[in-house]
Amino acid sequence: MAEIDLVESATTSETDDEKAHKSKTALAKFWIAEIAAAEKGQEKWVQRAKKIEKIYNDERDASSNRTQKFNVLWSNVETQRPAIFIQTPVPRAVRRYSQKDPVARFAALLIERNLQVSCDQYGFEEEVDQAVRDRLVPGRGQMWVFYDPTIEGQGDDEVLAYEQCTAEYVPWQDFLHSIARTWREVWWVGRRFYKTRRELKDWLKERGLDPKLAAQVKLDFSVEGDKADEGLKDQRNKAVIWEVHNKRDGEVLYVAPGSGTSAILGRQPPAVRFRDFFPCPMPMLATTTANTLIPTPDFVFYQDQAKELDTLQQRIDLLLKALKVAGVYNAANKEIASLLNGAENKMVAVDDWAAFAEGGGVKGQIEWYPVEVVAAVLEKLYLAFEAAKQRLYEISGIGDILRGATDPEETATAQGIKARWGSLRQRRNQKRSTSFLDAIFQLKAEVICERFKFETIMEAAGVDDALLEQYIPAPPQPPPPQIPPDAPPEAQQMAQQQMQQQQAVAKQQARAQFLSQVEQLLRNDAARTFRITVQPDSMLEPDRQEEKQTAVEFLTAVGTYMKEAGPLVQMGPAGAKLAGEMLLFGVRRFDRVDELEETVEQFVEEMSKPRPPAPDPEMMKIKAEVEGKKAELQMKGEAQQQELGMKREMHQMDMAAKVQEVQIDGAIKQQEMQQRAQEGEQKLELQAAQGDQKMRQGEQAMSINERKAESERAIAEGSPP
């Protein structure tokens, strides 16, 4: 039974592997077919775009004759590029609604500064300029937004060292999307890139995919073409890989179409959950219709006029070569040829003057080439050339005002009208490019708000305590402690310190709560979208004179209004609030006034606070008299208290002196008593010592007498002593 179970288990495992292989094979076939269908759908446009790019780059075959051409495509594109994009747009994040919202205002500041830093960290301007060029030449410009974290360390020691958000240019031929009529119908977008086998292996490893798949990928792209060295193909050739963002399944696939059933290199969830899923906006497109997103390049609509200009230019070139002094002369008079070939102011000698004169002189010996006919044709060609150029400008929308070709005799009003109407077509392109950059900044803002650490956002924005003080609302002040008037200074100081500590704690709590609310707003995509809008500043060259004039007009209007609003402010808090709201209504209509708006709001709040009524002059006079009498009485009381204090101090000093005197007398008497006691003790000790000495002397005398008596007794008894 155990053997049978093992066999069944192995059979089941093989079946699962086969299912997985079939599923992967089917997925590869599906995406290969989907990419091929999308490429076929834009094949006609791609071929046309390649030809237009050759015209733009003036690429000609070496075998073709080098006749002159008028490259009006390059001229028009280079004229339109600065009209659409001439400087890096400054990203701006502002509150969607002009109302008091300190959290949204500070969050908008963080987003705006982080966007500015992210655009300054790499060549963002060059990336945008390339996308604009693609829009004007082949007809489609695109960029791709990336979240680029830098990880240091390995394994458990991995640390996020740096975070960056970039928006990179995608070449027009490397962008693809599903076949659709409108951008809303697009359900996948793709970006093509190329990797060598070694690069692909490292790339797969960085993304957590199987690096062994690199060995199965076909290297189907070669920069050198068919001339590549067979021995170096594996090092030089590259694999074509599509990064596909599948909106339906919410995943990112990496597909190598040339690798057949091994085309799927990996499937992952997107690194950033964008609101519209795609990491790119709708591309900048040239002319499209309601049935397709495949653009028609601008050049197509005036290519016949451009060809006409090339034809006229070629004819002009040929006639310019023919526009020269030429003719035939009588070979018998060789000297005539030296008239044109000789030096200036030189006379030519004629051998037979009579025959020369009889033949009609110089006029009779030379027949000139009819150069006046060539000049007349050239004149007509130049007129035709200018007429064709004007027709082309009418079609392409390149107005004379954009080229600076204005009539010096026209009035300023006439030139202004020409500038306004001559740039109407360009405004449409400018609006579309601005909308495109707006979408790019929106995507970058999503990456920053949802993936960046809050500490990184704060650091990149250069936030410090001084900046936070301007945005954090003042916390409510704690009530002052109730201190009796006659409380000692120590109690008053302690109460003041306690109040300062409470204020510091309240300030820290307000700071933490404010930053927490800001972070929550940044992380919440819906709330952030409702309260903050991100948009680019103008991509055109700013008119400094107009900006100065606008600033002067603003200051003049505000100054005039402040003078007129004086009576309204004097009516009280209600009038001051009305005047302040009217001022804010005008201020908010100007751009770049966020800091000024905050100051005006604080001014309005201060002016709207209730104020005590103006005092009566008579009451002020009586109050001043009362205050004067109070001050006089207070001064007298202070003088009396000072006098009583001096007397009290003198009394205390006398008492202290008497006490000190008594203490000194007691100390002297105590010292005398101690001295007498010491003398008595010394006498007693001396007497005791003398008594002891006498006793010892008596004992010695007694022992001598006893020994003498014993000796006498012994002698008397006749015994030796």
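Just so it is clear, the model here is predicted, and its values are computed rather than measured.
By the 4.0 Å N-to-carboxylate-O rule, E53 lies close enough to R133 to be salt-bridged with it. Using a cut-off of 4.0 Å between Lys/Arg side-chain N and Asp/Glu carboxylate O, R81 and E78 are scored as salt-bridged. D525 and R528 are joined by a salt bridge, as a carboxylate oxygen and a charged side-chain nitrogen come within less than 4.0 angstrom of each other. The existence of a salt bridge linking R92 and E112 is excluded, since no basic side-chain nitrogen approaches an acidic carboxylate oxygen closer than 4.0 Å. Taking a cutoff of 4.0 Å between a charged side-chain nitrogen and a carboxylate oxygen, D202 and K195 do not qualify as a salt bridge. For the pair D134 and R140, the salt-bridge criterion is not met [side-chain N within less than 4.0 Å of a carboxylate O].
Contact check for P297 versus V137: no side-chain heavy atoms found under the 4.5 Å cut-off. In this structure the side chain of V244 reaches within 4.5 angstrom of the side chain of W242, judged on heavy atoms. Residues F106 and V463 meet the side-chain proximity criterion, which asks for heavy atoms closer than 4.5 Å. At a threshold of 4.5 Å between non-hydrogen side-chain atoms, the residues R523 and F454 count as touching. Side-chain atoms of V46 and W172, non-hydrogen and from C-beta on, do get closer than 4.5 Å to each other. Inter-residue side-chain proximity for K238 and L219 is flagged as unmet; no heavy-atom pair is nearer than 4.5 Å. The shortest side-chain heavy-atom distance between L115 and I111 falls under the 4.5 Å cut-off. By the 4.5 Å heavy-atom criterion applied to side chains, W183 and F278 are counted as neighbours.
Note that SG of C119 and CD of E127 are 11.0 Å apart. Values are rounded to the nearest 0.5 Å. Note that CD of E459 and CZ of F452 are 11.5 Å apart. Values are rounded to the nearest 0.5 Å. Here I84 contributes atom CD1 and N429 contributes atom CG; the two are 4.5 Å apart, rounded to the nearest 0.5 Å. Put simply, CZ on F436 and CE on M284 are 4.5 Å apart, with the number rounded to the nearest 0.5 Å. Between the CE atom in M282 and the OG atom in S435 there is a gap of 10.5 Å [rounded to 0.5 Å]. For the atom pair CG of L213 and OG of S259, the computed distance is 10.0 Å after rounding to the nearest 0.5 Å.
Within a 6.0 Å sphere centred on CD of Q268, other residues, nucleotides and ligands contribute more than 12 heavy atoms.
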Open item on the list: Run L109 and L467 through side-chain contact (heavy atoms from CB on, under 4.5 Å) and show every step you take.
Closed with: CA-CA 11 Å; L109 175 71; L467 182 62; 3.9 Å; yes

Open item on the list: Let's go through D276 and L443 carefully: what are the C-alpha distance in whole Å and the side-chain angles of both, what is the deciding distance for side-chain contact (heavy atoms from CB on, under 4.5 Å) to 0.1 Å, and is it a yes or a no?
Closed with: CA-CA 9 Å; D276 296 328; L443 293 173; over 6 Å; no

Task: salt bridge (Lys or Arg N to Asp or Glu O under 4.0 Å) evaluation trace for D298 with R135 - done: CA-CA 9 Å; D298 297 340; R135 156 60 189 89; 3.0 Å; yes

Open item on the list: Applying side-chain contact (heavy atoms from CB on, under 4.5 Å) to M143 and F124, what does each step give before you reach the verdict?
Closed with: CA-CA 10 Å; M143 297 180 69; F124 181 72; 4.0 Å; yes

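When atom types are taken as modelled, the side chain of Q42 and the backbone of L293 share no donor-acceptor pair closer than 3.5 angstrom. When atom types are taken as modelled, the side chain of R451 and the backbone of Y147 share no donor-acceptor pair closer than 3.5 angstrom. The closest donor-acceptor contact from the side chain of S516 to the backbone of A512 lies at 3.5 Å or more, if one exists at all. A donor-acceptor pair under 3.5 Å is absent between the side-chain atoms of D129 and the main chain of F85, judged by distance alone. Side chain of K444 to backbone of C165: a donor-acceptor contact under 3.5 angstrom is found. E185 contributes a side-chain N or O that, together with a main-chain N or O of R181, makes up a donor-acceptor pair within less than 3.5 Å. Looking at Q116, its side chain never comes within 3.5 Å of a backbone N or O of R113 through a donor-acceptor pair. The main-chain N or O of S222 is never found under 3.5 Å from a side-chain atom of N237 such that the two would form a donor-acceptor pair. Between the side chain of E446 and the backbone N or O of R275 there is at least one donor-acceptor pair closer than 3.5 Å. The closest donor-acceptor contact from the side chain of N114 to the backbone of I448 lies at 3.5 Å or more, if one exists at all.
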Side-chain donor-acceptor distances from residues 26-34 under 3.5 Å, at least two apart:
unit_1, atom_1, unit_2, atom_2, d
E34, OE2, W188, NE1, 3.0

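Note: W144 and H245 meet the aromatic proximity criterion, with ring centroids under 6.0 Å apart.
In this structure W203 satisfies the ring-ring contact (aromatic ring centres under 6.0 Å, His included) test together with F193, Y254, sequence neighbours excluded. In this view, D438 satisfies the side-chain hydrogen bond (donor to acceptor under 3.5 Å, both in side chains) rule with no residue, not counting sequence neighbours.
What you find for C449 and I457 is that their closest heavy atoms are CA-CD1, 4.5 Å. G258 approaches K218 most closely through the heavy-atom pair O-CD, 3.3 Å. A256 and V217 get closest at one heavy-atom pair: CB-CG1, 4.1 Å. Here the closest non-hydrogen pair linking P270 and E251 is CD-CA, 4.4 Å. The two atoms that bring T296 and A286 nearest to each other are O-CB, 3.3 Å, heavy atoms only. Taking all atoms of both residues into account, the shortest heavy-atom contact from L522 to A107 is CD2-CB, 3.9 Å.
Donor-acceptor pairing under 3.5 Å is lacking for the side chains of Q164 and Y122. Side chains of R267 and N246: a donor-acceptor N/O pair is absent below 3.5 angstrom, by distance only.
Here the options are I35, V255, D174, L176, the test is side chain to side chain contact (heavy atoms under 4.5 Å, CB included), and the partner is R192; only D174 passes.
Note on ring orientation: taking the six-membered ring where Trp is involved, the planes of F175 and H177 are tilted (angle from 30° to 60°).
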